[in-house]
Amino acid sequence: MENAETSAVFPLQDHDLATTLGSGQAFRWRAVGEGWEGVVAGRWVRLTVRDATVEARTALPCTEWSWLTGYLRLEEDLSAVIATFPDDAPMRAAVAACPGLRLLRQEPWECLASFILSSTKQIVQIQQCVALLSHRFGDPVAGGGPETWHAFPSFVRLASATEAELRACKLGFRAKYLLGTAGMLAAGEIDLDALHALSTDDARAALMRFPGVGRKIADCVLLFAYGRQDAFPVDVWVLKALRFLYFPKREPKPDRLRRFTETHFGPNAGYAQQYLFHYVRTKVPELRSRTKKR
DNA sequence: TTCCAGGAATCAA
DNA sequence: TTGATTCATGGA
């Protein structure tokens, strides 16, 4: 069969792909040579940055690219987003430390499933679990080389798996959560597409009906898949960031902290959160070192 | 060896 | 309501 690769080039401004794709919001990207390879919307794609452009190469013919430009949010004016961040020292430091960090717009099911796997796991382990799940249960897709790639498995497919099969993908206690969630979706109990029409609060409540989904994971899905930029996930890193950068003197009570995250960071609070997350996780030695939780 | 990881469910007080 | 415990697994 003839090589049917297709490529397209898009302008890229204020967008650091390596930072974005490695910032713990998506888990299927691999650095390969100069570029990044992954599967988006069931298509294998290789992204290569050249100057102020990104070249996208697919293995199969492609004439319409909204599946990729929407995923990468190439239309978003990052400077306009950052302009809404609070003008304080921690936020300025986080923005300065992570130039070109962006949010993606992922598919809700893959994002939900990935973050159900994420609880009490390191990012590299989440990546490994997602790779194992995809390899074991996902449909094969044509890639750019001899290696076989796989789409992220559908909830229908996972709903028909056994807990033992999921545990074989190193999910541990999260296996029954993923199985339960896939089962609810396969049974039509909740329609992920319908959440787009709901308020953020109602969409969050719907997501939290799934087993293994609490406030934090629901907020990740709202932010990374549904474009709800007011959603502010608080994980162990963001908690450390808030304590260390904003409340160094005394420990804020949880409800005080929640009110702070909902009011201080503006309409794009979730975007600001991603900057704080990546900043403390990669650039603040006092917090990167293994220090006791206070 | 011990601690911890983009947490949530469960149970005790 | 809040606080402690449990749940797998592997990296540091």
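The analysis underlying the following values was restricted to heavy atoms, covering all of them including side chains, and did not include hydrogens, waters or symmetry mates. The sequence lines fix the lettering, A, B, ..., with proteins before strands; numbering per chain opens at 1.
The separation between Met208(A) atom CE and dA9(B) atom C1' is 12 Å, rounded to whole Å. Distance Arg258(A) CZ to dT2(C) P: 13 Å, rounded to the nearest Å. At whole-Å resolution of the value, NZ in Lys121(A) and C1' in dG7(B) are 12 Å apart. In this structure, the NZ atom of Lys240(A) is 11 Å from the P atom of dG7(B), given to the nearest Å. Counting to the nearest Å, the C1' atom of dG6(B) and the CG atom of Leu103(A) are 14 Å from each other. In this entry the distance linking CD of Gln122(A) with C1' of dA5(B) reads 5 Å, nearest Å. For the pair Asp219(A) CG and dG7(B) C1', the interatomic distance rounds to 13 Å; values are reported in whole Å. For Ile126(A) and dC4(B), the CD1 to C1' distance is 13 Å, given to the nearest whole Å.
No engagement by Gln127(A) is indicated, since no non-hydrogen atom pair under 4.0 Å with the nucleic acid exists. Heavy atoms of Gly24(A) sit under 4.0 angstrom from at least one base atom. As judged by a 4.0 angstrom heavy-atom cut-off over every strand, Ser23(A) is placed among the base-contacting residues. At the heavy-atom level, Phe27(A) lies nowhere under 4.0 Å from the strands shown. Using a 4.0 Å heavy-atom criterion, one finds that Thr120(A) contacts the bases of the nucleic acid, with or without backbone contacts as well. Nucleic acid contact class of Val238(A) (heavy atoms, under 4.0 Å, all strands): base.
Regarding contacts with the backbone of dC7(C), every side-chain N or O of Arg174(A) stays at 4.0 angstrom or more from both OP1 and OP2. Not one side-chain nitrogen or oxygen of Lys253(A) sits closer than 4.0 Å to the OP1 or OP2 atom of dG3(C).
Here dT1(B) sits opposite no nucleotide as a Watson-Crick or G-U wobble pair (both hydrogen-bonding atom distances under 3.5 Å).
The gap from the C1' atom of dA8(B) to that of dG11(C) amounts to 22 Å, rounded to the nearest Å. Nucleotides dG3(C) and dG6(B) are separated by 25 Å at their P atoms, to the nearest Å. Rounded to a whole angstrom, the distance from the P atom of dC11(B) to that of dA8(C) is 15 Å.
In this model, no donor atom of one side chain and acceptor atom of the other lie less than 3.5 Å apart for Gln274(A) and Tyr279(A). Inspection of the Thr20(A) and Arg102(A) side chains reveals no N or O donor paired with an N or O acceptor under 3.5 Å. Side-chain atoms of Glu64(A) and Ser66(A) form a donor-acceptor pair, as typed in the model, at a separation below 3.5 Å.
With dG7(B), dA8(C), dG6(B) as the choices, the nucleotide that has an atom nearest any side-chain atom of Ile123(A) turns out to be dG6(B). Set against dA5(B), dT9(C), dA8(C), the side chain of Lys170(A) has dT9(C) as its closest nucleotide. Of the candidates dA5(B), dG6(B), dC7(C), dC7(C) carries the atom nearest the Phe173(A) side chain, counting heavy atoms from C-beta on.
Without hydrogens or angle criteria, Asp88(A) side chain to Met91(A) main chain gives a donor-acceptor distance under 3.5 Å. The main-chain N or O of Phe115(A) is found under 3.5 Å from a side-chain atom of Ser118(A) such that the two form a donor-acceptor pair.
Dense packing is recorded around CD of Glu75(A), with more than 12 heavy atoms of other residues, nucleotides or ligands lying under 6.0 Å away.
Checked by distance alone, Gln128(A) brings no side-chain donor or acceptor within 3.5 Å of a matching partner on the base of dG11(C). You won't find any donor-acceptor pair under 3.5 Å spanning the side chain of Gln125(A) and the base of dG6(B), going by distance alone.
Positionally, the nearest nucleotide of DNA chain B for Gln25(A) lies more toward the 5' end than for the other of Gln25(A) and Phe210(A). The 5' end of DNA chain B is approached more closely, in terms of each residue's nearest nucleotide, by Arg281(A) than by the other of Arg281(A) and Tyr177(A).
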Output, in order, the C-alpha distance, side-chain angles, deciding distance and verdict of salt bridge (Lys or Arg N to Asp or Glu O under 4.0 Å) for Arg57(A) and Glu5(A).
-> CA-CA 7 Å; Arg57(A) 183 168 293 275; Glu5(A) 282 197 7; 2.9 Å; yes
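The stacking criteria are not both satisfied for Trp237(A) over the base of dG6(B), which would need a centre-to-centre distance under 5.5 angstrom and an angle between ring planes under 30 degrees.
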